[in-house]
Amino acid sequence: MKKVLVTGGHGQLAKCFKREASERLNVVFTSKAQLDICEEDDWDFWLSREHPDVVLHTAAYTDVAGAETAQDQARRLNVDAVRLAARKCRMYGARFLLISTDYVFDGSLRRPYRPDDPPSPLSVYGSSKADGERTAFEENPDTLVVRVSWLYSPYGKNFMLTMLRLFAEREEVKVVNDQVASPTCGLTFANYLKQFILNDPPAGIYHFSLSGEASWYDFAKAICEDSGGTARVEPVNTAAFPSNVSRPAYSKLDATSFEKVVGESLPPWRNAVTYCLHTHQNEHNN
Ligand SMILES: NC(=O)c1ccc[n+]([C@@H]2O[C@H](COP(=O)([O-])OP(=O)(O)OC[C@H]3O[C@@H](n4cnc5c(N)ncnc54)[C@H](OP(=O)(O)O)[C@@H]3O)[C@@H](O)[C@H]2O)c1
């Protein structure tokens with residue numbers, strides 16, 4: 001059985017992977033306290049002890065707005081630690097699988113972004129992730145990068161959980177309608193990531209994107225409908241929420257090469273909202 005070592009074991013994607021992908025893979029989860037991705041000794045300890053076939057690198061600096069003022073910290077985790085991780089994986093013979101983001105793009109295209117479209121990030125976070133990708137390939141040409149957009153799940157901090165709270169607290173919730181991509185249920189993503197790992201794809205950059213497109217407003221409406229929320233969801237422009245960070249207006253990802261590896265078309269984003277909410281409600285009630 002393939003052995004996968006996961007970094008950032010307490011993060012939302014790692015928790016999704018734990019729930020969905022532990023069957024058929026031998027998975028070792030490491031928390032920040034166990035494997036600090038900035039610490040060379042930690043990498044040596046875990047890679048020499050576990051000998052994983054694949055390192056699934058979910059640990060990252062993920063606070064998009066925070067990165068604008070914590071640039072050094074964002075780059076330490078998303079560039080320097082990725083360089084170290086990619087190098088250590090090469091040394092110990094583990095495949096390096098880095099999770100990245102649609103925010104490496106500026107959103108000016110009007111067709112889905114392909115893996116070989118040149119990155120042109122608008123934010124410090126996006127730029128740190130793009131530089132991390134590049135540095136990973138420099139250190140370790142056998143690297144796999146999977147980019148994903150708008151991750152949500154029953155775990156951690158994310159748009160779905162924020163909306164559920166706001167729908168309970170307010171009569172009206174204003175949501176941005178002029179940023180478009182495809183929301184990614186972390187549980188669905190984890191399931192496909194398992195298949196992706198099992199199929200041993202060629203090195204390179206891949207895009208994961210559930211089929212269809214949505215604005216944050218469409219996404220919020222879907223969450224409201226499926227959760228039985230009674231709040232009014234109102235569409236607004238990005239300008240209604242002044243922010244220190246620019247986000248791409250359009251960042252739908254073209255998942256064709258990922259679909260080829262897993263051997264099927266990815267399902268609609270809308271179905272995944274229903275599945276994720278259902279799982280959330282079940283876990284909440286137990
Ligand atoms: N969330 C999204 O919407 C989104 C969208 C596209 C791509 N992505 C990418 O997907 C990946 C997973 O995101 P996520 O939402 O699961 O993030 P997350 O919930 O913020 O998890 C990241 C984890 O990394 C850990 N971490 C931070 N510093 C560390 C260190 N020095 N050593 C080891 N672990 C450390 C964090 O631990 P602490 O919490 O204890 O600091 C946290 O558990 C990231 O690469 C992210 O860039 C996310």
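Counting convention: from 1, in listed order, for ligands and their atoms alike.
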Item to check | Residue Val148 vicinity, atoms of ligand 1 by number, heavy atom under 4.0 Å | outcome: 5 (C), 6 (C), 7 (C)
Item to check | Heavy atom of protein closer than 4.0 angstrom to atom 24 (O) of ligand 1 | outcome: yes
Item to check | Heavy atom of Thr7, distance to ligand 1 below 4.0 Å | outcome: no
Next on the checklist: For Trp150 together with Trp269, are the ring centres under 6.0 Å from each other?
Outcome noted: no
Checklist entry - Against heavy atoms of Leu35, which atoms of ligand 1 measure under 4.0 Å? => result 32 (N), 33 (C)
Checklist entry - Do we get Lys18 above Phe29's six-membered ring, with its NZ or CZ under 6.0 Å from the centre and within 45° of the axis? => result yes
Item to check | ligand 1 N/O within reach of Ala14 N/O, cut-off under 3.5 Å | outcome: no
Item to check | Flag, side chain of Thr184 to backbone of Ser149, donor-acceptor distance under 3.5 Å | outcome: yes
Checklist entry - Of the choices Ala59, Gly186, Cys38, Ala60, which has the non-hydrogen atom that lies closest to atom 34 (N) of ligand 1? => result Ala59
Next on the checklist: Return the closest protein heavy atom for atom 16 (O) of ligand 1 as residue, atom name and distance.
Outcome noted: Leu13 N, 2.9 Å
Checklist entry - Centres of the Tyr61 and Tyr125 rings: under 6.0 Å? => result no
Checklist entry - Asp178 side chain to Asn237 main-chain N or O, any donor-acceptor pair under 3.5 Å? => result no
Checklist outcome for this item: min-distance protein heavy atom vs atom 37 (O) of ligand 1 -> Lys32 CD, 4.3 Å
Checklist entry - Between Phe189 and Phe208, is the gap from one ring center to the other below 6.0 Å? => result yes
Item to check | Within-shell test, Leu98 vs ligand 1, heavy atom, strictly < 4.0 Å | outcome: no
Item to check | Protein heavy atom at shortest distance from atom 32 (N) of ligand 1 | outcome: Ile37 N, 3.0 Å
Checklist entry - Taking the six-membered ring for Trp, is the centroid-to-centroid distance between Phe105 and Tyr250 below 6.0 Å? => result no
Checklist entry - For atom 1 (N) of ligand 1, what is the nearest protein heavy atom, given as residue, atom name and distance? => result Gln12 NE2, 3.5 Å
Checklist entry - Is a side-chain N or O of Asn140 found less than 3.5 angstrom from the main chain of Ala86, in a donor-acceptor match? => result yes
Item to check | Ligand-residue contact atoms, ligand 1 with Lys129, heavy atoms, under 4.0 Å | outcome: 44 (C), 45 (O), 46 (C), 47 (O)
Checklist outcome for this item: Taking only non-hydrogen atoms of Asp36 and a 4.0 Å limit, the atoms of ligand 1 in range are 30 (C), 31 (N), 32 (N)
Next on the checklist: Would Tyr125 count as a contact residue for ligand 1, given that I'm defining contact as a non-hydrogen atom of the residue lying under 4.0 Å from a ligand atom?
Outcome noted: yes
Checklist entry - What atoms of ligand 1 come within less than 4.0 Å of a heavy atom belonging to Leu77? => result 28 (N), 31 (N)
Checklist entry - Taking atom types as modelled, is there a side-chain donor on Glu20 or Asn191 under 3.5 Å from an acceptor on the other? => result yes
Checklist entry - Taking Asp226 for the side chain and Ile223 for the main chain, is one N or O donor matched with an acceptor at less than 3.5 Å? => result no
Checklist outcome for this item: Per-atom filter on ligand 1: closer than 4.0 angstrom to a heavy atom of Thr58 are 11 (C), 12 (C), 44 (C), 45 (O)
Next on the checklist: What protein heavy atom lies closest to atom 18 (P) of ligand 1? Include the residue and the distance to one decimal.
Outcome noted: Thr62 OG1, 3.9 Å
Checklist entry - Which protein heavy atom lies closest to atom 48 (C) of ligand 1, and at what distance to 0.1 Å? => result Leu151 CD2, 3.9 Å
Next on the checklist: Looking only at protein heavy atoms, which one is nearest to atom 43 (O) of ligand 1, and what is the separation?
Outcome noted: Gly11 N, 3.1 Å
Checklist entry - So, does Ser100 sit close enough to ligand 1 that a heavy atom of it is under 4.0 Å from the ligand? => result yes
Checklist outcome for this item: When distances are taken from atom 9 (C) of ligand 1, the protein heavy atom at minimum range is Ile99 CG2, 3.9 Å
Next on the checklist: Using only atom types and a distance under 3.5 Å, with no angle test, would you say the side chain of Asp106 pairs donor to acceptor with the backbone of Ser108?
Outcome noted: yes
Checklist entry - Are Tyr92 and Asp44 side-chain neighbours, meaning at least one heavy-atom pair lies under 4.5 Å? => result yes
Item to check | Pair Tyr113 and His207, ring centroids less than 6.0 Å apart | outcome: no
